[in-house]
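Below: one structure, written as structure tokens.
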Amino acid sequence: MQKNNSNDTFLWTAFKKGDKKAFQVIYQTYVPALLNYGSKITTDASLVEDCIQDLFIELWKSSQRLNDTSSIKFYLFKALRNKINRNQSPKNGFTMLPLEGFMTLLKTSAEEEKIIQRETKVFQLQYLNEALDLLPARQREAISLRYYHNFSNEEITQIMGINYNSVCKFIHAALKNLKENLKVAVSILYFLVAIG
């Protein structure tokens, strides 16, 4: 589990006692991350938005009956995933969008270096996104939770509702697949540079 966060504990306790400001802080802090995570679970953006809205309405209505938590983010991610799974149309299945933002542009001092680096990173990000697109949906979700949202494998087991070994296998297989796919992409890039 993630480290206990005294701020989360304090904020959650205040919210449970009916503090509207605490509720507002929780909402403003975590909705962007919930939208991002929801988009990795389903391509139905309106479903994600509706589930988040329902989640916060339910939280407010049942605030005094909620369990304590030392990680609000973990609590909300797990609740959102369960809500999306319950409300998702069976015909849509488990469809995920490609992950974006896995790599960031490096900042350098010289303007020329910035331009070169920016172009290089655009190509790298494109290849990375293409490699991520090739991963099975559950592997992409596990990678998102682990490396985008910094959840531990134990927390991912609870969010995804699978056992610990499965989480480890998903992450291991995803990293192996990414490594192989990126090797091919880099080889192609070097080839194109060489003949260009």
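We use all heavy atoms of the structure for the numbers below, so side chains are in, but hydrogens, waters and symmetry mates are not.
Between Leu35 and Tyr30, the closest side-chain pair of non-hydrogen atoms is not below 4.5 Å. Put simply, the side chain of Val48 does not reach to within 4.5 Å of the side chain of Ser46, judged on heavy atoms. For the pair Cys51 and Leu55, the minimum side-chain heavy-atom distance is 4.5 Å or more. Side-chain contact check for Leu11 versus Thr29: every heavy-atom pair is 4.5 Å or farther apart. His149 is listed as a side-chain neighbour of Asn36, based on a closest heavy-atom distance under 4.5 Å. Looking only at side-chain heavy atoms (C-beta outward), Gln158 and Phe74 come within less than 4.5 Å of each other.
In this structure, CG on Leu76 lies 7.5 Å from CD1 on Ile26, to the nearest 0.5 angstrom. Rounding to the nearest 0.5 angstrom, the gap separating the OG atom in Ser39 from the CG atom in Leu47 is 12.0 Å. Interatomic distance, CZ of Arg140 versus CG of Leu178, reported as 10.5 Å (0.5 Å rounding). Note: Glu58 CD to Leu66 CG = 10.0 Å, rounded to the nearest 0.5 Å. Here the straight-line distance linking atom CD1 of Ile156 with atom CG of Leu145 works out to 5.0 Å at 0.5 Å rounding. Rounded to the nearest 0.5 Å, atoms CZ (Arg65) and OG (Ser63) are 8.0 Å apart.
A salt bridge between Asp8 and Lys73 is absent, with no side-chain N of the basic residue lying under 4.0 Å from a carboxylate O of the acidic one. Ion pairing between Glu155 and Lys78 fails under the 4.0 Å rule for side-chain N and carboxylate O.
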- Task: Quick one: do Asp68 and Lys16 satisfy side chain to side chain contact (heavy atoms under 4.5 Å, CB included)? Show the steps, please.
- Result: CA-CA 9 Å; Asp68 291 334; Lys16 284 177 59 179; 2.6 Å; yes

- Please step through side chain to side chain contact (heavy atoms under 4.5 Å, CB included) for the pair Asn87 and Asp50, ending with a clear verdict. CA-CA 10 Å; Asn87 291 289; Asp50 289 345; over 6 Å; no

- Task: Apply side chain to side chain contact (heavy atoms under 4.5 Å, CB included) to Asp44 and Ile84, showing your working.
- Result: CA-CA 10 Å; Asp44 188 344; Ile84 289 173; over 6 Å; no

- Task: Test side chain to side chain contact (heavy atoms under 4.5 Å, CB included) on Phe15 and Val25 and set out the steps.
- Result: CA-CA 9 Å; Phe15 155 60; Val25 168; over 6 Å; no

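Of all non-hydrogen atoms in Glu141 and Tyr37, the two that sit nearest each other are OE2-OH, 2.7 Å. Across every non-hydrogen atom of Arg81 and Ile41, the tightest pair is CG-CD1, 3.9 Å. When all heavy atoms of Trp12 and Leu59 are compared, the closest pair comes out as CH2-CD2, 4.2 Å.
Side-chain N or O atoms of Lys17 include none that pairs as donor or acceptor with a backbone N or O of Thr13 at under 3.5 Å.
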Which atom pairs, donor and acceptor, lie under 3.5 Å between side-chain atoms of residues 160-176 and protein residues at least two apart or in another chain?
unit_1, atom_1, unit_2, atom_2, d
Asn163, OD1, Asn165, N, 3.2
Asn163, OD1, Ser166, N, 2.7
Asn163, OD1, Ser166, OG, 2.9

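Side-chain contact check for Asn67 and Thr69: no donor-acceptor pair (N or O, by modelled atom type) lies under 3.5 Å.
Between Tyr27 and Phe56, the angle of the ring planes goes over 60°, which puts this pair in the perpendicular group of the 30/60° scheme.
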